[in-house]
Engineer: 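Quick one: the structure is below, questions incoming.
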Amino acid sequence: MNVIRLLAIRDTPLSADEVLAAVADHAAGGTTLFVGTVRDHDHGKPVTSLSYSAHPTAEAELRRVAEKVAADFSLTALAAVHRVGDLRLGDAAVIVAAAAAHRDEAFQAARRLIDDLKKEVPIWKNQEFDDGTTEWVGACG
């Protein structure tokens, strides 16, 4: 059975319940869920809005990253979804989850999945500050 249960880049609101349901497995003794949300500040400046854009290859790169994590950890399930488009403060921008027989493996895999997603998947954030300035931030380095 494939441990990668859900991968998507969407322009609609994300659901932690959907991601948790995707990784639910009776063989899992631990499930880790990470929800990245839009915060009201960055670099000490108030953020008023932001928008995410993704390269056409982003979903394929997300799959490559997830497959590597799945190969490196003993997991029962793995999932990741990322939002694109205009988001408001408090909106979920990214959700990842990992399930494994033991909690440590789930924690490590979820951490690696979000870190590698941010470093390697071509998604960019354009944030607007309350002073009217904007900044593009590359999600991959």
Side-chain angles (χ1 to χ4, degrees), residues 1-25 27-141:
M1 176 178 229
N2 188 358
V3 301
I4 300 173
R5 306 276 179 84
L6 173 65
L7 293 177
I9 297 175
R10 299 182 175 154
D11 61 1
T12 56
L14 305 181
S15 165
D17 289 338
E18 176 194 22
V19 175
L20 277 173
V23 298
D25 194 301
T31 300
T32 299
L33 177 77
F34 171 80
V35 180
T37 55
V38 179
R39 65 181 177 265
D40 66 357
H41 67 281
D42 197 16
H43 308 300
K45 295 170 59 175
V47 171
T48 57
S49 65
L50 61 77
S51 176
Y52 282 95
S53 300
H55 189 273
T57 63
E59 209 159 287
E61 288 300 305
L62 178 57
R63 176 156 299 279
R64 182 188 59 75
V65 165
E67 287 173 349
K68 179 86 168 95
V69 171
D72 289 348
F73 293 91
S74 180
L75 302 173
T76 59
L78 192 65
V81 291
H82 201 297
R83 179 106 181 257
V84 293
D86 298 331
L87 282 77
R88 295 185 304 229
L89 297 177
D91 283 349
V94 61
I95 303 173
V96 302
H102 302 283
R103 68 179 177 270
D104 190 50
E105 198 85 358
F107 277 122
Q108 288 184 47
R111 176 65 185 250
R112 171 88 168 279
L113 182 56
I114 188 61
D115 287 350
D116 289 357
L117 184 161
K118 290 183 69 69
K119 283 189 282 192
E120 299 178 29
V121 178
I123 297 173
W124 303 275
K125 173 174 64 174
N126 184 16
Q127 52 192 7
E128 184 172 333
F129 299 100
D130 72 342
D131 64 4
T133 61
T134 61
E135 173 188 48
W136 281 97
V137 180
C140 60

Engineer: Salt bridge or not between R64 and E59? Use side-chain N to carboxylate O under 4.0 Å.
Structural biologist: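 Looking at R64 and E59, the cut-off is not met.
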Engineer: Okay, side chain of Q127, backbone of L50: is any donor-acceptor separation there less than 3.5 Å?
Structural biologist: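 The answer is no, because no donor-acceptor pair under 3.5 Å joins these two groups.
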Engineer: Looking at L78 and A70, what are the two nearest heavy atoms and their distance?
Structural biologist: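 That would be CD2-N, 4.1 Å.
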Engineer: Going by atom types only, do D131 and T133 share a side-chain donor-acceptor pair under 3.5 Å?
Structural biologist: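 D131 vs T133: donor-acceptor pair found between side chains.
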Engineer: Return a table of donor-acceptor pairs under 3.5 angstrom between the side chains of residues 85-97 and protein atoms on other chains or two or more places apart.
Structural biologist:
unit_1	atom_1	unit_2	atom_2	d
D86	OD1	S51	OG	3.3
D91	OD2	R88	N	2.7

Engineer: Below 3.5 Å, can you tabulate the donor-acceptor pairs from side chains in residues 27-41 to any protein atom, sequence neighbours excluded?
Structural biologist:
unit_1	atom_1	unit_2	atom_2	d
T32	OG1	F107	N	3.3
R39	NE	H41	O	2.8
R39	NH2	D42	OD1	3.0

Engineer: Looking at every non-hydrogen atom in both residues, tell me the closest pair between R5 and N2 and how far apart they are.
Structural biologist: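 Nearest pair, atom of R5 first, then N2: NE-O, 3.5 Å.
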Engineer: With rounding to the nearest 0.5 Å, note down the distance linking CD in E128 to OG in S49.
Structural biologist: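 Reported value, rounded in 0.5 Å steps: 4.5 Å.
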Engineer: Working to the nearest 0.5 angstrom, can you tell me the gap between S53 OG and N126 CG?
Structural biologist: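 Interatomic distance, S53 OG to N126 CG, rounded to 0.5 Å: 7.5 Å.
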Engineer: Measure across L7 and L62 and return the closest heavy-atom pair with its distance rounded to 0.1 Å.
Structural biologist: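 Heavy atoms only, the tightest pair is CD2-CG, 4.1 Å.
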Engineer: Quick check against the 3.5 Å criterion: does R63 have a side-chain atom that pairs as donor or acceptor with the backbone of I4?
Structural biologist: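 No: the side chain of R63 does not pair with the backbone of I4.
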Engineer: If you look at every heavy atom in L113 and A66, which pair is closest and at what distance?
Structural biologist: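 It is CD1-CA, 4.1 Å.
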Engineer: Identify the two heavy atoms, one from A109 and one from A98, that lie closest to each other, and give their separation to 0.1 Å.
Structural biologist: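 Heavy atoms of A109 and A98 come nearest at CB-CB, 3.9 Å.
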Engineer: Look at the rings of Y52 and H82 and say which category their plane angle falls in: under 30° parallel, 30 to 60° tilted, over 60° perpendicular.
Structural biologist: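 Correct class here is perpendicular.
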Engineer: In Å and rounded to the nearest 0.5 Å, what is the CD to CD distance from E61 to E120?
Structural biologist: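 So the CD of E61 and the CD of E120 are separated by 7.5 Å.
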Engineer: Just how far is it from atom OG of S74 to atom NE2 of H102, taken to the nearest 0.5 Å?
Structural biologist: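 Separation between the atoms: 8.0 Å.
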Engineer: Hey, is D116 close enough to K68 for a salt bridge, meaning N to O under 4.0 Å?
Structural biologist: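 No salt bridge links D116 with K68.
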Engineer: State whether the number of non-hydrogen atoms from other residues, nucleotides or ligands found under 6.0 Å of R112 atom CZ is greater than 12.
Structural biologist: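 Yes.
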Engineer: Could you grab the distance from atom CG of L6 to atom OG of S15, nearest 0.5 Å is fine?
Structural biologist: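 Going from the CG atom of L6 to the OG atom of S15 covers 10.0 Å.
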Engineer: Given salt bridge (charged side-chain N to carboxylate O under 4.0 Å, His left out), test R111 with D115 step by step and report yes or no.
Structural biologist: CA-CA 6 Å; R111 176 65 185 250; D115 287 350; 3.0 Å; yes
Engineer: Stepwise, does the side chain to side chain contact (heavy atoms under 4.5 Å, CB included) test hold for E135 with H43?
Structural biologist: CA-CA 11 Å; E135 173 188 48; H43 308 300; 3.4 Å; yes
Engineer: Can you sort out the partners of D130 under side chain to side chain contact (heavy atoms under 4.5 Å, CB included), two or more places apart, ordered by chain and number?
Structural biologist: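 Side chain to side chain contact (heavy atoms under 4.5 Å, CB included) list for D130, sorted by chain: P46, T48.
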Engineer: So, for A100 and T76, which heavy atoms are closest and what is the spacing to 0.1 Å?
Structural biologist: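 Looking at all heavy atoms of both residues, the closest pair is N-OG1, 3.7 Å.
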Engineer: Which distance, rounded to the nearest 0.5 Å, do you find between the CD1 of I9 and the NE2 of H55?
Structural biologist: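 Interatomic distance, I9 CD1 to H55 NE2, rounded to 0.5 Å: 11.5 Å.
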